[in-house]
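Please read the structure below before turning to the comments.
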Amino acid sequence: MNRLAVDLPGLKLKNPIMPASGCFGFGQRYAEFYDLDQLGAIIVKAATLEPRTGNPTPRVAETTSGMLNAIGLQNPGIEAIMTEKLPWLQQRYPALPVIANVAGSAEADYVAVCRQIGTAPNVKAIELNISCPNVAHGGLEFGTEPEAAYNLTKACKAVSQVPLYVKLSPNVTDIKVIARAVEAAGADGFTLINTLVGMQIDLKTRKPLLGNRTGGLSGPAIKSIAVRLINQVHHVSKLPIIGMGGVMNAADALELMMAGASAIAVGTANFSNPQACPDIIDALPAAMDQYQIKDLPSLIDEMAVDPA
Amino acid sequence: MNRLAVDLPGLKLKNPIMPASGCFGFGQRYAEFYDLDQLGAIIVKAATLEPRTGNPTPRVAETTSGMLNAIGLQNPGIEAIMTEKLPWLQQRYPALPVIANVAGSAEADYVAVCRQIGTAPNVKAIELNISCPNVAHGGLEFGTEPEAAYNLTKACKAVSQVPLYVKLSPNVTDIKVIARAVEAAGADGFTLINTLVGMQIDLKTRKPLLGNRTGGLSGPAIKSIAVRLINQVHHVSKLPIIGMGGVMNAADALELMMAGASAIAVGTANFSNPQACPDIIDALPAAMDQYQIKDLPSLIDEMAVDPA
Amino acid sequence: MKRGDFSMLQEKMVVVQQRQLTADVFELTLQGKMATVKATAGQFVDVKIPDPNLLLRRPFGITQVDPQTKQLRLVYRVVGQGTAELSQVTPGTHLDTIGPLGHGFPTDFLQAGQRALIIGGGTGIPPLYALSQQLVAQGIEVTHAIGFGKQEQIFYEQEFRALGDVHYATDDGSYGFHGHIGLLLDAADFAKTDFAAVYACGPRGLLMAVNNRYRGHPHAYISLESRMACGVGECYACVVPAQGQQKMYKVCDDGPVFATGEVEV
Amino acid sequence: MKRGDFSMLQEKMVVVQQRQLTADVFELTLQGKMATVKATAGQFVDVKIPDPNLLLRRPFGITQVDPQTKQLRLVYRVVGQGTAELSQVTPGTHLDTIGPLGHGFPTDFLQAGQRALIIGGGTGIPPLYALSQQLVAQGIEVTHAIGFGKQEQIFYEQEFRALGDVHYATDDGSYGFHGHIGLLLDAADFAKTDFAAVYACGPRGLLMAVNNRYRGHPHAYISLESRMACGVGECYACVVPAQGQQKMYKVCDDGPVFATGEVEV
Ligand SMILES: Cc1cc2nc3c(=O)[nH]c(=O)nc-3n(C[C@H](O)[C@H](O)[C@H](O)COP(=O)(O)OP(=O)(O)OC[C@H]3O[C@@H](n4cnc5c(N)ncnc54)[C@H](O)[C@@H]3O)c2cc1C
Ligand SMILES: Cc1cc2nc3c(=O)[nH]c(=O)nc-3n(C[C@H](O)[C@H](O)[C@H](O)COP(=O)(O)OP(=O)(O)OC[C@H]3O[C@@H](n4cnc5c(N)ncnc54)[C@H](O)[C@@H]3O)c2cc1C
Ligand SMILES: Cc1cc2nc3c(=O)[nH]c(=O)nc-3n(C[C@H](O)[C@H](O)[C@H](O)COP(=O)(O)O)c2cc1C
Ligand SMILES: Cc1cc2nc3c(=O)[nH]c(=O)nc-3n(C[C@H](O)[C@H](O)[C@H](O)COP(=O)(O)O)c2cc1C
Ligand code: FES
Ligand code: FES
């Protein structure tokens with residue numbers, strides 16, 4: 001029996017570890033470091049209806065044990081993604097489940113992308129990005145207003161051929177009301193957390209360093225916030241959670257699972273260590289032994305009965 | 001001329017550096033490390049009407065480049081503070097401006113404490129704590145609802161003999177609406193940020209490590225969030241800001257000032273280095289030279305004209 | 001700048017020796033002014049681990065001080081990231097240390113020739129070694145009851161034997177009495193002696209047992225551990241409830257040593 | 001686990017030498033397999049600074065490689081925390097390095113005997129040294145125009161002189177031509193020569209000048225810097241707008257070398 005296997009709506013995962021959206025592109029370059037078939041799944045970069053060129057540079061800044069990014073959803077658009085990016089993965093890694101991250105400025109954009117992207121044979125689930133803090137329109141608006149989140153989720157769910165996971169923002173007063181709204185609208189699961197809005201000032205110019213002024217904070221700095229929010233959502237909903245936020249190693253992955261996540265996405269760690277995902281996968285069994293965890297399904301069941 | 005001197009409502013500061021509330025008690029022990037008269041001011045531990053014993057232990061946990069605390073406002077109560085703690089400071093450091101942090105469970109408690117505490121001769125300003133994430137009642141409720149924040153601020157302002165600074169929470173969807181409500185209610189300034197709600201799980205027990213389950217995240221991990229929020233408040237209000245969140249050194253202090261703060265409180269850094277405040281004060285002139293800052297009032301003026 | 005002559009020291013002490021005592025216990029010898037100020041056995045120092053990720057200091061009981069050589073010794077077990085990194089520190093490194101902190105074991109009331117019992121377990125032992133040395137220097141006859149999980153975890157055996165009687169208990173029976181220290185005290189003759197003072201430090205179970213057993217004793221003391229932030233008495237992180245009172249004591253400042261019956265262990 | 005034979009390397013390279021060249025410029029020699037794989041001058045490596053607080057790697061142009069000794073050399077200026085910490089690293093340390101990354105300077109089109117102009121400034125120079133060596137090995141006659149703030153900042157002078165003509169410009173006139181490198185090119189005779197290729201790396205002002213001056217040149221190249229996260233082409237952090245097109249190039253992957261006129265500098 002495979003101790004690491006985890007089953008989620010649409011996703012039969014041989015292990016719970018997957019790169020987080022935007023931190024791994026569509027995997028092509030990382031495939032030059034290791035065999036992507038080692039991954040549980042892959043969450044690919046945000047897809048929007050039209051191609052996007054993103055925000056002005058600089059787009060990243062380093063913070064203490066974290067980083068800020070304001071990429072602004074640069075991506076080649078749904079057409080190129082359907083004809084080039086997803087087929088590339090399909091051809092080389094036909095068994096690798098893909099989770100497609102979908103973003104947009106208006107409901108119609110989101111719906112159009114959801115309708116199409118689920119038809120790709122390797123796309124097993126959609127991650128609805130209602131929490132991007134780095135774009136002027138769409139993104140965070142949908143993620144901070146329960147009604148907007150409800151409507152968008154409902155509209156996207158209606159056209160999606162695959163299970164729909166909604167990616168929640170940490171930049172809210174009460175994540176529980178958003179989670180409940182999204183669940184009521186028919187979502188199949190949650191992913192969280194997206195980044196927290198931060199800013200860095202360049203002391204030499206006395207101006208914000210990032211071209212977009214603000215950016216999203218990620219990395220170990222935010223892990224305790226991710227643990228709290230995952231746990232809060234876990235308390236109010238039975239839907240499965242793909243947890244993320246500051247996971248650097250196997251112990252971090254287990255901590256997010258004990259908070260209520262059923263699988264784990266790894267973002268910023270890829271930049272420190274391009275082989276972060278396979279390294280974490282390799283280290284999981286020993287870490288599970290250390291904490292007397294027989295297998296992940298039993299850990300998930302245990303946490304479901306008695307949420308941390 | 002003193003390059004470091006800063007003038008704020010009620011506070012003539014010889015330098016902008018002061019310990020943050022709860023991270024320095026009433027200074028008695030730190031006075032065994034150095035002469036507290038070096039400080040610009042001192043923000044003392046929260047005062048509530050009745051004595052409080054606080055939350056169950058453990059009350060602190062360490063995170064990557066940060067820490068969680070869930071002290072739960074333990075304090076000896078307003079009476080002991082008026083008769084013992086504040087007089088101790090008054091006697092030894094008559095020239096040291098004290099900012100009194102006031103907390104409570106209900107409006108009446110806050111009002112009662114504000115009415116009294118401003119009569120202490122060394123209390124030059126009140127910091128209204130509407131953002132403590134670690135108590136079941138009061139605290140955060142007042143800090144996340146604009147109407148509640150307005151009402152509480154107005155009631156406290158009416159009875160306070162000294163200028164009233166309101167301490168804002170980062171755990172909100174939009175800090176601007178809270179800041180505007182607080183300003184409309186007559187506050188004299190803001191202090192921010194309080195801590196972000198986080199959680200740590202003990203992998204051995206699979207339960208939250210803190211006795212209170214969640215705690216407030218502070219330290220360098222949150223600095224970029226503090227910079228962003230200070231800047232947002234600076235954009236919507238002309239009231240002065242005492243900035244805090246992750247300040248470890250003179251460059252951090254200048255960064256928060258460039259974001260819009262007029263003075264700086266130092267919290268978690270005291271635990272790493274009990275002499276953090278005097279060290280930062282000592283290092284400020286050289287850091288100002290490095291970034292061509294003549295004096296702090298001119299930096300504050302420059303940032304007021306053209307907010308970062 | 002007025003700095004300097006203040007009663008609490010913050011000092012970059014120099015590592016002069018790092019010695020491994022067991023699989024996971026290390027002895028660290030530091031040199032500096034702190035070793036020359038008056039400290040009571042049971043007081044502790046709070047050490048900044050040289051890793052910028054770790055903001056909080058680590059508290060360790062003082063095991064030994066020699067004002068002549070200006071050396072101060074700590075003995076610690078590797079239990080997490082901070083102690084793991086500390087065990088990698090090599091001679092010559094400077095460690096930012098504050099102390100001596102807290103209130104140690106009271107011994108002034110003892111007269112030369114009286115008898116004292118020291119009860120310790122695991123990494124509760126380091127401050128007890130300082131205490132035993134201090135007591136012996138005062139002319140007290142010291143009996144030690146020391147518990148460990150198993151024989152190979154034992155350290156400082158010769159050091160303690162040089163100071164007085166030592167009775168060992170091991171959970172697995174691999175050395176001395178078979179069972180935990182509470183059972184040793186129940187079973188052993190020496191525990192029936194009328195000790196003028198009893199001192200204990202060790203895991204929570206041991207402290208609870210001692211706290212109950214010697215509740216009525218006029219001079220029985222236990223030393224506690226608690227998660228700390230400031231380490232100096234200003235943040236209320238490390239508190240422990242007073243026994244039967246609506247009141248909290250600070251382990252770092254009111255403690256770490258308390259009389260039996262004084263706090264809820 | 002299938003690892004191993006992949007085209008991008010991640011390797012803990014060993015520091016064999018750290019040498020200070022000027023007040024703030026250091027030369028770091030690393031040893032490992034990465035020095036044996038085919039790299040083009042202008043490619044770079046991305047180094048993990050051994051500090052857990054610093055999550056992002058630091059990109060540095062490859063200055064020199066010797067497959068025989070398996071040595072790879074970087075030259076870097078201390079500008080911030082990462083490079084400051086890098087300058088403290090001592091021989092024997094392992095540095096987690098990925099590379100070789102990006103696309104270097106095209107040189108295949110050149111014939112032995114042709115002439116090339118290399119224009120560099122400050123810490124843009126390191127990859128140009130690799131380039132010049134490569135060109136000389138191809139039989140190209142290389143002229144160098146190199147700018148610095150002032151004389152004491154100059155490094156690698158002997159190294160460059162050994163490869164061809166070198167013209168220096170200093171902003172303060174303390175060495176060579178007085179003024180910035182654009183003015184040197186305007187004033188100097190050598191710049192009127194018809195070079196078969198022109199290569200530049202250095203501060204933004206220099207790159208803008210070269211980008212304008214040699215826009216029509218069929219083989220003029222500039223190497224850019226940009227803040228990176230992944231360093232490998234998957235995060236869109238490091239982009240630069242294509243000249244006159246609604247399109248972005250990735251500096252880490254499409255670059256760092258671009259033809260003049262290709263991107264908005
Ligand atoms: C007054 C006092 C004296 C002590 N004396 C000794 C001694 O002489 N020898 C010895 O080996 N140990 C001693 N300890 C325990 C020692 O402080 C911890 O083992 C150490 O802090 C663990 O650090 P870590 O980073 O390895 O563990 P982690 O678990 O990674 O530490 C995480 C956080 O929890 C804190 N923490 C973890 N365990 C403890 C604990 N038991 N007590 C207090 N804080 C803890 C750490 O300080 C840190 O802030 C003492 C504790 C106290 C309070
Ligand atoms: C392709 C490429 C090749 C380079 N080659 C060299 C070289 O050979 N020698 C050399 O001295 N420098 C080179 N640089 C610049 C070098 O990467 C930076 O000086 C270095 O990253 C600064 O790190 P720091 O921590 O000291 O500075 P900090 O300012 O503290 O760094 C903060 C963050 O900004 C990034 N950053 C800061 N300056 C730059 C910059 N100029 N370019 C890209 N990122 C930056 C850092 O990588 C880090 O993520 C190169 C940059 C690129 C993109
Ligand atoms: C450079 C970068 C780009 C990102 N792009 C996206 C994106 O396109 N869509 C999305 O939903 N999240 C995006 N994220 C957020 C991550 O998927 C993840 O939620 C967040 O970084 C927290 O995880 P981490 O701490 O492991 O990085 C991005 C994060 C980073 C750092
Ligand atoms: C242990 C601890 C106790 C605190 N107690 C209080 C408090 O009583 N009242 C208050 O307003 N803020 C309290 N805070 C918040 C700090 O004043 C400060 O807003 C926060 O820690 C961010 O600053 P820092 O990153 O410099 O620590 C406390 C913080 C810590 C770490
Ligand atoms: S640790 Fe701060 S009061 Fe004890
Ligand atoms: S740094 Fe990630 S694409 Fe260039």
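In what follows, every chain begins at residue 1, and chains take the letters A, B, ... in the order their sequences are listed. Since this is a predicted model, take the numbers as computed values, not measurements.
- Counted within 6.0 Å of CZ on D/R204, heavy atoms from surrounding residues, nucleotides or ligands total 12 or fewer; the atom is thus considered open.
- The side-chain heavy atoms of D/E234 and A/N270, taken from C-beta on, include no pair separated by under 4.5 Å.
- In D/Q151, the CD atom is crowded: over 12 heavy atoms of neighbouring residues, nucleotides or ligands sit closer than 6.0 Å.
- Residue A/L210: no heavy atom, backbone or side chain, is found under 4.5 Å from chain D.
- Taking every heavy atom of both residues into account, D/P52 and A/S65 meet most closely at O-OG, 4.3 Å.
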Worked check of side chain to side chain contact (heavy atoms under 4.5 Å, CB included) between D/V239 and A/R59: CA-CA 9 Å; D/V239 297; A/R59 291 179 174 183; 3.2 Å; yes

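- For A/T53, the parts lying near chain D are the backbone and the side chain together; criterion is any non-hydrogen pair under 4.5 Å.
- In this structure, chain A has a heavy atom under 4.5 Å from the side chain of D/I98, while its backbone stays farther away.
- Under the 4.5 Å side-chain criterion, counting only non-hydrogen atoms from C-beta, D/C230 is in contact with A/Y30.
- Counting non-hydrogen atoms of other residues, nucleotides and ligands closer than 6.0 Å to NZ of D/K70 gives a total of 12 or fewer.
- Most heavy-atom pairs under 4.5 Å with chain D: of the set A/G66, A/G219, A/G72, A/P51, this distinction falls to A/G66.
- Within a 6.0 Å sphere centred on NZ of D/K150, heavy atoms belonging to other residues, nucleotides or ligands number 12 at most.
- Across all non-hydrogen atoms, the minimal contact from D/A237 to A/V60 is CB-CG1, 3.7 Å.
- Both the backbone and the side chain of A/P274 come within less than 4.5 Å of a heavy atom of chain D.
- A donor and an acceptor atom, one from each side chain of A/E62 and D/N53, are nowhere located under 3.5 Å apart.
- Contact of A/T64 with chain D is made through backbone and side chain together, with heavy-atom distances under 4.5 Å.
- The shortest non-hydrogen separation linking A/F33 to D/L9 is CE2-O, 3.7 Å.
- Residue with the most contacts toward chain D among A/N75, A/I71, A/T268: A/I71 (heavy-atom pairs, distance under 4.5 Å).
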Verdict with supporting geometry, D/D253 and A/R29, side chain to side chain contact (heavy atoms under 4.5 Å, CB included): CA-CA 9 Å; D/D253 193 19; A/R29 289 296 175 204; 3.0 Å; yes

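- By the 4.5 Å heavy-atom criterion applied to side chains, D/K48 and A/S272 are counted as neighbours.
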Could you check A/L209 against D/R227 for side chain to side chain contact (heavy atoms under 4.5 Å, CB included), going step by step and ending with a plain yes or no? CA-CA 11 Å; A/L209 188 136; D/R227 294 210 172 214; 3.8 Å; yes

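- You'll find the side chain of A/F271 stays beyond 4.5 Å of the side chain of D/L55, heavy atoms only.
- Between chain A and the options D/M248, D/M228, D/Q10, the largest number of non-hydrogen pairs under 4.5 Å is found for D/Q10.
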As a quick check of understanding, evaluate side chain to side chain contact (heavy atoms under 4.5 Å, CB included) for A/K45 and D/Y236, giving each step before the final call. CA-CA 10 Å; A/K45 176 70 191 171; D/Y236 299 107; 4.0 Å; yes

